[in-house]
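What follows is a single structure, written as structure tokens, with notes after it.
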Protein chains: 2
Amino acid sequence: MSTENYKKTVIPEKVVARLPLYRRIVRNCLNNKIKVISSEELAEAAMVNSATVRRDFTFLGSLGVRGSGYDVEVLDRAISQKLGAHNTWPVLIAGAGNLGRALTNSPGFNANGFFVVGLFDIDPGVIGAKVGDLKVEDMSALSRRVTGLRNPIGVIATPPAAAEATVNLMIEAGILSILNFAPILLRTDESVRVRNVDLSLELEILAFYLNQT
Amino acid sequence: MSTENYKKTVIPEKVVARLPLYRRIVRNCLNNKIKVISSEELAEAAMVNSATVRRDFTFLGSLGVRGSGYDVEVLDRAISQKLGAHNTWPVLIAGAGNLGRALTNSPGFNANGFFVVGLFDIDPGVIGAKVGDLKVEDMSALSRRVTGLRNPIGVIATPPAAAEATVNLMIEAGILSILNFAPILLRTDESVRVRNVDLSLELEILAFYLNQT
DNA sequence: ACATGTGAACGCCTTCACAGCA
DNA sequence: TGCTGTGAAGGCGTTCACATGT
């Protein structure tokens, strides 16, 4: 009855962020007909410490076999279950520039339950263009597109100046999870989960270390 | 004579990663003719704690004025100096798909000392195409392009299967700093600094939390 | 014998709270 | 007075080291 019971049900974000990586490695094993993998081997492949691997997996339950290792099929199922692979995640992308088109065609955005269902722009010169199997739609069609979708995810791939308006449009449409590629911190109420990806940040970090030498 | 003296010269990576954000905010102040900013205001804009802001800035020196705040021009100069803005960083992008083209045209890759000097591909159907001011070159031209450049940064925007070969090509050409967008962990010797950006990772994290509810 | 699962230690980062200074 | 700069505390994530279990 104490809160102790729930200790293992709250997975730290750092651990969540490693799960997709573990899954990639485990699936690679499946393809190579490898049945069992040790925390040591997995750690080597994921470039982390083996204790980190073992502790991470305790959040998925007690999956290993002492003296042997982890069954890769069991691991794949356990990880995928936590990442919600039994679900589907419709993705709507705002901004049909090169980045929006790259994401639309990206394997990562069309696997593991994700699939891009709409690509939107405000530029009449781009609307109607084909990108993969999709046609670029007018931004005003986004709201209509969202209705009826479960768990829609919005992606902001617009120029920075348009990001604020876009996020408001998405929220009005009922999107509660947003991935933002614009270099702007979006202010939303806390029911909306926003994650920011800064494409040039890592470049600036590299430059910092080059500057150090 | 003790190592204590060097304490403040080693800037933690977490702090480095916040510097570009602070700089954006500070430059915004400059544009709006705001002369002074407090740690509280900056913290609000950067969505961090004000103590974090103040501690971060101690790594740049003692820049503030007690009772008043930070001079935005002083801040801009101090941050830019640490990020090496007096230097220039030629960027070479491997892979002229949508992502490579997006990065080539991206403001973040053509500001603050960064400029894309080459875009390379192996697909003859793409080689020769114009992207912004650049023409896509054959991958074999990359090595030639690097010679004579100081502090070149390589960007891998190829399909995953080509990433391994591309990184080897870059290292042979003398590139020591690499930004990798392929969902593959690259193994290099430790003289090469590799940073990985996983475009779909944040999507998977969003999905995890959607799955929780 | 061997690899997992985990208590305990460690180190890093964040935050509080206040001394120090304009 | 008001805000910076920072010692100290707190919290989180990683790693060690070994007890546990097959």
Side-chain angles (χ1 to χ4, degrees), chain A residues 3-19 21-22 25-26 29 34-75 78-79 82 201 205 208, chain B residues 3-19 21-22 25-26 29 34-75 78-79 82 201 205 208:
Chain A
T3 54
E4 300 307 274
N5 299 342
Y6 297 96
K7 220 172 26 177
K8 288 203 179 169
T9 66
V10 180
I11 306 186
E13 190 176 307
K14 282 282 180 75
V15 177
V16 172
R18 281 190 292 265
L19 292 183
L21 173 58
Y22 293 144
I25 295 163
V26 161
C29 290
I34 296 166
K35 291 281 189 192
V36 175
I37 189 168
S38 68
S39 62
E40 199 66 58
E41 292 165 321
L42 233 158
E44 213 275 324
M47 289 178 167
V48 296
N49 185 285
S50 67
T52 298
V53 171
R54 291 196 297 278
R55 195 173 290 282
D56 286 353
F57 287 170
T58 63
F59 291 102
L60 310 179
S62 201
L63 311 164
V65 181
R66 286 166 201 248
S68 159
Y70 297 88
D71 183 302
V72 293
E73 270 190 46
V74 170
L75 268 188
I79 297 171
K82 279 290 175 200
L201 178 60
I205 296 173
F208 170 84
Chain B
T3 55
E4 301 308 275
N5 298 343
Y6 297 96
K7 222 172 27 177
K8 288 201 177 170
T9 65
V10 179
I11 306 186
E13 191 176 305
K14 283 282 179 76
V15 177
V16 173
R18 280 190 292 266
L19 293 182
L21 173 59
Y22 294 143
I25 295 162
V26 161
C29 290
I34 297 165
K35 292 281 190 193
V36 175
I37 189 168
S38 69
S39 62
E40 199 65 59
E41 292 166 321
L42 234 159
E44 213 275 324
M47 290 178 168
V48 297
N49 184 286
S50 67
T52 298
V53 172
R54 292 195 297 279
R55 195 173 290 281
D56 285 354
F57 287 170
T58 63
F59 292 102
L60 311 179
S62 201
L63 312 163
V65 181
R66 286 163 202 251
S68 159
Y70 298 88
D71 183 302
V72 294
E73 269 190 48
V74 170
L75 267 188
I79 296 171
K82 278 291 175 198
L201 178 60
I205 295 173
F208 171 83

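Each chain gets a letter, A, B and so on, in the order the sequences are listed, and its residues count up from 1. For clarity, every value in this text was computed on a predicted model and none was experimentally measured.
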Rounding to 0.5 Å, atoms CD1 (B/Ile25) and CE (B/Met47) come to a distance of 9.5 Å
List every contact pair, protein side and nucleotides 2-4 of chain D side both N or O, where the distance is under 3.5 Å.
| unit_1 | atom_1 | unit_2 | atom_2 | d |
| --- | --- | --- | --- | --- |
| D/dC3 | O4' | B/Gly67 | N | 3.1 |
| D/dC3 | O2 | B/Gly67 | N | 3.2 |
| D/dT4 | OP1 | B/Ser39 | N | 2.8 |
| D/dT4 | OP2 | B/Ser39 | OG | 2.6 |
| D/dT4 | O2 | B/Arg66 | NH1 | 3.1 |

note: B/Phe57, atom CZ; C/dT15, atom P; distance rounded to Å ~ 15 Å
Whole-Å distance, A/Asp56 CG to C/dG5 C1', equals 13 Å
B/Arg55 side chain N/O closer than 4.0 Å to the phosphate oxygens (OP1, OP2) of C/dA17? no
Side-chain contact check for B/Lys14: nearest option of C/dT6, C/dC13, C/dT15 is C/dC13
To the nearest angstrom, the CE-P distance between A/Met47 and D/dT14 comes to 17 Å
A/Phe59 atom CZ is separated from C/dT6 atom C1', nearest whole Å, by 11 Å
Exactly one of A/Val72, A/Val48, A/Val53 clears side chain to side chain contact (heavy atoms under 4.5 Å, CB included) with A/Leu42, and that residue is A/Val53
note: A/Lys35, atom NZ; C/dA3, atom C1'; distance rounded to Å ~ 20 Å
Taking side chain as C-beta onward, heavy atoms only, is A/Leu63 less than 4.5 Å from A/Asp71? no
dist A/Arg55:CZ -> A/Ser39:OG (nearest 0.5 Å) comes out at 12.5 Å
Rounded to whole Å, CG of B/Asn49 lies from C1' of D/dG5 at a distance of 14 Å
Whole-Å distance, A/Glu13 CD to C/dC13 C1', equals 15 Å
Item to complete: For the pair B/Val16 and B/Phe59, evaluate side-chain contact (heavy atoms from CB on, under 4.5 Å) and give the outcome as yes or no after the intermediate values.
Response: CA-CA 10 Å; B/Val16 173; B/Phe59 292 102; over 6 Å; no
A side-chain contact here means heavy atoms from C-beta on lying under 4.5 Å apart; do B/Tyr70 and B/Val26 qualify? no
In whole angstroms, the gap separating C1' of D/dG13 from CD1 of A/Ile11 amounts to 15 Å
